[in-house]
Amino acid sequence: MKTHQEVSSVKSEIDSITAAFFNAVSFKEGEKPAYKILYELFIDSGQLIKTSSTLPEICTVSQFIDPRQRTVDSGELTCFKEAETAEITEFFGNVAHRFSTYEKHGISNGSEFEGRGIISIQFIKTEVGWRMSSMAWDDERQGLTIPERYQ
């Protein structure tokens, strides 16, 4: 059984990795996102899965970064902020899971957008510490609202 200090240490590391993810994808107008940091946060075969479309979009880290970087480089996406507003984190041994509720807003093609949703993030303990192994997310929309438990 883990001591309270060990549990606190694991939770702190997972909190830091999650915060680093949100910081890496967020950027102010006139700045560039720090997408490359995602390579340090995920295991080499990590996956990012967007499920808010008809079919899930399953990406490696580079497949996630490349199209987003192109929208920034082209001037289509001029700012983006995604932030965690609530979380539930659980772990057992060398695996952990986090339901991360988020809010996002940005400017794309000169138009503001915003939204909320939940990311399911899986973590594993590696030889260099905890890393994300995968994440899947869905956005709140007509007919799909975030349950009170996750707010």
Side-chain angles (χ1 to χ4, degrees), residues 6-53 55-141 144 146-147 150-151:
E6 289 170 323
V7 168
S8 181
S9 175
V10 170
K11 175 70 166 61
S12 178
E13 190 170 353
I14 288 172
D15 287 347
S16 294
I17 294 166
T18 304
F21 172 82
F22 285 113
N23 286 335
V25 299
S26 299
F27 64 100
K28 295 178 182 176
E29 203 156 353
E31 295 180 356
K32 299 286 184 189
Y35 291 140
K36 298 291 185 201
I37 290 171
L38 299 182
Y39 290 109
E40 299 170 23
L41 304 178
F42 280 84
I43 61 172
D44 289 343
S45 58
Q47 293 190 318
L48 297 94
I49 306 165
K50 178 181 176 184
T51 66
S52 56
S53 303
L55 296 173
E57 297 173 24
I58 303 170
C59 303
T60 63
V61 174
S62 62
Q63 290 169 331
F64 176 82
I65 292 172
D66 292 346
R68 284 160 180 79
Q69 188 67 60
R70 282 193 297 273
T71 64
V72 171
D73 293 344
S74 72
E76 177 185 335
L77 185 64
T78 55
C79 68
F80 183 76
K81 174 72 175 173
E82 188 168 54
E84 185 174 66
T85 59
E87 56 85 8
I88 296 173
T89 302
E90 300 172 322
F91 45 91
F92 176 78
N94 295 321
V95 298
H97 176 262
R98 185 178 188 109
F99 255 20
S100 177
T101 305
Y102 63 87
E103 291 181 348
K104 63 181 176 179
H105 60 87
I107 300 175
S108 180
N109 290 319
S111 298
E112 291 188 35
F113 66 89
E114 62 181 28
R116 300 183 332 153
I118 294 180
I119 304 173
S120 170
I121 310 170
Q122 292 71 48
F123 298 83
I124 61 171
K125 188 172 183 183
T126 72
E127 65 278 356
V128 294
W130 288 89
R131 295 294 180 263
M132 294 178 175
S133 58
S134 66
M135 66 169 43
W137 68 94
D138 205 345
D139 292 333
E140 193 173 53
R141 58 186 173 276
L144 182 63
I146 298 172
Y150 300 113
Q151 294 188 37

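Remember, predicted model here, so these are calculated numbers, not experimental data. The residues of the chain are indexed from 1 along the displayed sequence.
Between the side chain of S12 and the backbone N or O of S8, no donor-acceptor pair lies under 3.5 Å. Although no hydrogens or angles enter the test, the distance criterion places no donor-acceptor pair under 3.5 Å between the side chain of S134 and the main chain of G46. A donor-acceptor contact shorter than 3.5 Å links the side chain of T126 to the backbone of G129.
Looking at F80 and S108, their side chains never come closer than 4.5 Å, going by heavy atoms from C-beta outward. Residues R141 and S52 have side chains in contact (heavy-atom distance under 4.5 Å, counting atoms from C-beta outward). Here the side chains of R131 and F123 are not in contact, with every heavy-atom distance at 4.5 Å or above. Between Y102 and E84, the closest side-chain pair of non-hydrogen atoms is not below 4.5 Å. Counting only heavy atoms from C-beta outward, the side chains of F42 and L48 approach each other to under 4.5 Å.
K11 has a carboxylate O that lies under 4.0 Å from a charged side-chain N of E87, or vice versa, which qualifies the two as a salt bridge. Under a 4.0 Å N-O distance rule, the pair R70/D66 does not qualify as a salt bridge.
Ring geometry for F64 against F21 counts as tilted: the plane angle lies between 30° and 60°, on a 0 to 90° scale.
A 6.0 Å sphere centred on CG of D44 holds no more than 12 heavy atoms belonging to other residues, nucleotides or ligands.
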Let me check something: any side-chain donor-acceptor pairs from residues 24-31 under 3.5 Å, sequence neighbours excluded? List them with distances.
| residue | atom | partner | partner atom | Å |
| --- | --- | --- | --- | --- |
| S26 | OG | F22 | O | 2.7 |
| S26 | OG | E82 | N | 3.0 |
| S26 | OG | E82 | O | 3.2 |

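Judged as a salt bridge (charged side-chain N to carboxylate O under 4.0 Å, His left out), the pairs with a partner in residues 101-123 (not counting sequence neighbours) are, in order, K104-D139, R116-E140.
S100 OG to I14 CD1: the interatomic distance, rounded to the nearest 0.5 Å, is 12.0 Å. Within the model, atoms OG of S133 and NZ of K125 stand 15.0 Å from one another, a figure rounded to the nearest 0.5 Å. The distance from the CZ atom of F91 to the OG1 atom of T89 is 8.0 Å, given to the nearest 0.5 Å. In this structure, CH2 in W130 is found 9.0 Å from CD1 in I124, a value given to the nearest 0.5 Å. One finds the CD1 atom of I49 at 12.0 Å from the CD1 atom of I119 (value rounded to the nearest 0.5 Å). Distance check: N109 CG to S74 OG gives 7.5 Å after rounding to the nearest 0.5 Å.
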Trace of the side chain to side chain contact (heavy atoms under 4.5 Å, CB included) decision for L77 with R68 | CA-CA 8 Å; L77 185 64; R68 284 160 180 79; 5.9 Å; no

Steps toward side chain to side chain contact (heavy atoms under 4.5 Å, CB included) verdict (I58, Q63) = CA-CA 9 Å; I58 303 170; Q63 290 169 331; over 6 Å; no

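Donor-acceptor pairing under 3.5 Å is recorded for the side chains of Q122 and S120.
Taking both residues in full, the closest heavy atoms of K32 and V72 are given as CD-CG1, 3.8 Å, listed atom of the first, atom of the second, then distance. Considering all non-hydrogen atoms of both residues, I146 and Q151 come closest at O-NE2, 2.6 Å.
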